[in-house]
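Beneath this line is the structure, given in structure tokens, with notes to follow.
In this chain, residues are counted from 1 in sequence order. Atom set for the values below is all heavy atoms of this structure, side chains included, hydrogens, waters and symmetry mates excluded.
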Amino acid sequence: MAASSAKRRHKVRRRADMSLLGGIRPPIAVLSALLLSLAGITALGFGRAGEESVPKAVMTSQQHFAEDGAVAMRASIDESAADLARTAGLFNAGDPAQPDAVVDKIGSVYQKWVGTAVVEISSGKMLAARGENVPVAAIDTAKLSEKDGLSPRMVRLANGETRLLSLQLLSWKGQPQQLLIASSSLRFPGISLGKFRSIAVIDSTGRILSSDGIPESEQVVTEYQRTGIERSKKQLSAFAKVAAKRAKEHPLKANDPGEGGYLGVSGSLRGDTSQGDRAIAGYAALTGPEPGKGTVATSLGLTVVAMVDVAEDPTRVTDPLFGLLAAGALLLIGALAVGVLLGTVQRPLLRLFLESRRLTRDDLTRPVSVPRFGEAARIGQALERLRRQLLGERTDAEGAGGPKSGRRGRIGARALLAVSGILLLVWSAPMLLLLNRADATAVVPEQIINDQRERTDTLSDRVRRSLNEGHADLVSVAGLLGERTSPEDMTKVLDRTRSDHSRYRSLYVRTGDGKIVAQSGESPRLPEDKKSENKDGHPFADPITVLNDSGTEPVIASYAELPGRDGSTVIGEFRIDFINSLLKRPGLGEIRVVDAERRVLGGNTGYLAFEKLPSARLTELAAGTSQKTGISARAGGIVYRDGGGVQVAGAAPFVGGGAAKSLNWMVVSWQPAAGLAIPEYSLQNRTVLAGLLGITAAAACLGWLHIIVVRPLREVAKQAEALADGDRRTVLYPRHHDEVGAISRSLELLRQQVLEQRKRDGAGATAPAAVRAPAGRN
């Protein structure tokens, strides 16, 4: 029996000699390493928050500006190609038309082309032409039947300008085939440049095809201005070369992480400095509206470059001394917190581990070194009582009904962990909540305000042009629905128009007395059998209007009168989702389209139809912007500072002609300055990040320590006291192979030794005295 017990003790001792897995050392060591790393990051990172003389927010804004230009250019080219194709298809579906009638009809409906012409393909004879001379000689009519023979092409004129030629066939039975040609300039439609900004479209080689914003040398007076113009042209050419090279990259490799929203290649560039102004630019390659889907415009390989001069700020927003002081404070507080853990948790536990192993090796001569407080003190007291019991001394707890003796430490290990956590919180909480707050001191660069205003103005013009394009489509359709067109043929024309353009939810032909004779799409929302509302016999007063003033969705409709049909009109109802899709531009925040009464009709985020703008100050901005300054109203931008933080807002009314002019709508946009990469907010974000990292490191390591060490230690303390109080039946099992687990194994060995001693003492009490004498201790 004794040999078996000895083998058991030897086996347990050998397991105790195993290398400790986990235990109390790793959490404290990891906490020390994390705090040291955080101190280094704090010391090195805070001084870099404001080093750039041009804030990153300004650079990103130029990238978004170029993206706006690319979207507008792509939409304009694709819309022109679609309009020409649809118009040619409508002519081909009807009776043969005279070439002069074709070009006149196109010119009266659309004003987007600088020149149009009809050429007989077989002979090359010019049949009709309007506007600017079309470079017909650049078109090889013999290759029109080849693949992509009718694709748009760019032609450079003798004066250096570039024209985009769009081609379509006119075919009627029994007549020679004709070629319809429309020539357009690569100008940007409705891009608001503001002051000191220029924009250009370049080809794949970096050659500038057209530009705007830089005056010609003969348009200025002084030599100083001419020098500035030459510098701007040179800088724009340099940007064009770099942008063309980068436009060939893959979008995922070209765009920085977190700057998504544009499907193509885009970015920003930094140029030279002149008299305190640095030239910066954004570029964006033309890309399709959907991933992997090309269009007519994207096949041309064009890229947009937008350039502006920004005043540099040579002063630093931050002082590296703050980072050094914060890092020093963290080192001091972290050393104190780690010292508390080492001195009050780790060292007493390791001491208990060694003391428990000493007792299991029958070294009972020295008293147990008992820690001063906590679970370690309770375990130390229990070990001392077990040592005395193994020596044969009778303790207070022995015997039936003996009292549970021994003092307990009032401060436990959990309280010590809390003290360390509070020490780390003293550093982390101010960093997270108090220091480097930017709302009161943030300086929003003037260029950010200008860009918010100008991009909102560009977006407003884009919505207005889209509505005008929709009305022009209806005028074109109405002109082709003659007196003899049957309802079935009308329906075919309406179906084709709706399939070519996604802007309509419904198209229908309505007679003067309100009867619908042809329809395509969803059910009309204009009440049927309703008489015309104005004296001219039209269904509503203005060419484009909102049919309702309440409900979950505004009903926006446009009409065009059918000639010779006694008040019949073709009516198109726009999809509100189409208008909302025009507003989805990154870097502008929340965007709303509002009517003349400041009621919301559309937006890029969630909204309620016909609700007011979310704040009174935005309503005041919209009201002030709608006031005419000179000939027309102008877009405005402003920075708001109040208890809700700093906001940048812009508003732009519909300015320009067309059917949408009578709507008196405007686009309003706003965004919090905290979301911009402004130095003050960058410093605030880094400060908050440092506080979060400090709290995370403390919570992770102290939580790890509590789960792995403190909770098992409290359980072992209860078991050790129970064993010292006389509980010999409960077997002690270690939870982990660490210091606490080793103490638990040592207590199990001590329990076995106590049981063996009691067995020996019991056997000695029943044997004769002559036999018991040799068995006594020396």
Charged N-O contact under 4.0 Å between Arg465 and Asp461: yes

Side chains of Asn548 and Glu553, donor plus acceptor under 3.5 Å: no

So with a 6.0 Å cut-off around CZ of Arg496, is the heavy-atom count from everything else above 12? no

What closest approach, in Å, do Gly115 and Val134 show between heavy atoms, and which atom pair accounts for it? C-CG2, 3.8 Å

Side chains of Arg207 and Leu209 in contact at under 4.5 Å (non-hydrogen atoms): yes

Between Asp542 and Lys661, does any side-chain N to carboxylate O distance fall below 4.0 Å? no

Is the number of heavy atoms from other residues, nucleotides or ligands under 6.0 Å of Gln98 CD greater than 12? no

Quick one about Glu120 and Ser123 (side-chain donor to acceptor, distance below 3.5 Å, no hydrogens or angles considered), yes or no? yes

In terms of side-chain heavy atoms, does Ser626 have a donor or acceptor partner in Arg598 at a distance below 3.5 Å? yes

Report the C-alpha distance between Gln519 and Arg510 in whole Å, list the side-chain angles of each, state the deciding distance to 0.1 Å, and finish with yes or no for side chain to side chain donor-acceptor pair (under 3.5 Å). CA-CA 9 Å; Gln519 175 188 337; Arg510 186 173 183 269; over 6 Å; no

Closer than 3.5 angstrom, by distance alone: can the side chain of Ser76 be matched with the main-chain N or O of Met73 as a donor-acceptor pair? no

Within 6.0 Å of NZ in Lys105, more than 12 heavy atoms from elsewhere: yes

Looking at every non-hydrogen atom in both residues, tell me the closest pair between Ala243 and Ile202 and how far apart they are. CB-CD1, 4.2 Å

Tell me whether Phe196 at atom CZ has more than 12 heavy atoms from other residues, nucleotides or ligands lying less than 6.0 Å away. no

Nearest heavy-atom neighbours spanning Arg585 and Glu67: NH2-CB, 3.2 Å

When you check the side-chain N and O atoms of Arg634 and Gln627, is any donor under 3.5 Å from an acceptor? no

Testing the basics here: between Glu132 and Ser183, what is the closest heavy-atom pair and its distance to 0.1 Å? OE1-OG, 4.2 Å

Would you check, one step at a time, whether the test side-chain contact (heavy atoms from CB on, under 4.5 Å) holds for Arg462 with Val71? CA-CA 10 Å; Arg462 186 183 177 199; Val71 170; 3.4 Å; yes

For Leu144 and Ile139, run side-chain contact (heavy atoms from CB on, under 4.5 Å): C-alpha distance rounded to whole Å, both residues' side-chain angles, the deciding distance at 0.1 Å, then the answer. CA-CA 9 Å; Leu144 295 178; Ile139 303 173; 4.3 Å; yes

Name all residues meeting the salt bridge (Lys or Arg N to Asp or Glu O under 4.0 Å) criterion together with Arg86; count only those two or more places apart in sequence or in a different chain, and write none if there are none. Asp83, Asp473

Do other residues, nucleotides or ligands put more than 12 heavy atoms under 6.0 Å from the CG atom of Asp95? no

Just checking, is any N or O donor in the side chain of Ser520 or Asp495 under 3.5 Å from an acceptor N or O on the other one? yes

For Phe91 versus Trp172, what's the shortest heavy-atom pair and its separation? O-NE1, 3.0 Å

Under the ring-ring contact (aromatic ring centres under 6.0 Å, His included) rule, collect the residues that match up with Tyr607, sequence neighbours excluded. none

With ring pair (Phe, Tyr, Trp, His ring centres under 6.0 Å) as the criterion, how do Phe540 and Tyr559 come out once you've worked through the C-alpha distance, each side chain's angles and the decisive distance to 0.1 Å? CA-CA 8 Å; Phe540 34 84; Tyr559 78 89; 5.1 Å; yes

Val296 versus Leu300, closest heavy-atom pair with distance: O-CG, 3.7 Å

Decide if atom CG of Asn133 counts as having more than 12 heavy atoms of other residues, nucleotides or ligands within a radius under 6.0 Å. no

Do Ser669 and Thr456 get their side chains close enough for a donor-acceptor pair, meaning under 3.5 Å? yes

Residues Arg197, Glu454: salt bridge by 4.0 Å N-O rule: yes

Taking salt bridge (charged side-chain N to carboxylate O under 4.0 Å, His left out) as the criterion, tell me which of Glu79, Glu573, Glu469 meets it with Arg503. Glu79

Going by atom types alone, do Thr458 and Asp68 pair a side-chain donor with an acceptor below 3.5 Å? no

Going by atom types alone, do Gln63 and Ser266 pair a side-chain donor with an acceptor below 3.5 Å? yes

Is the ring centre of Tyr283 less than 6.0 Å from the ring centre of Phe239? no

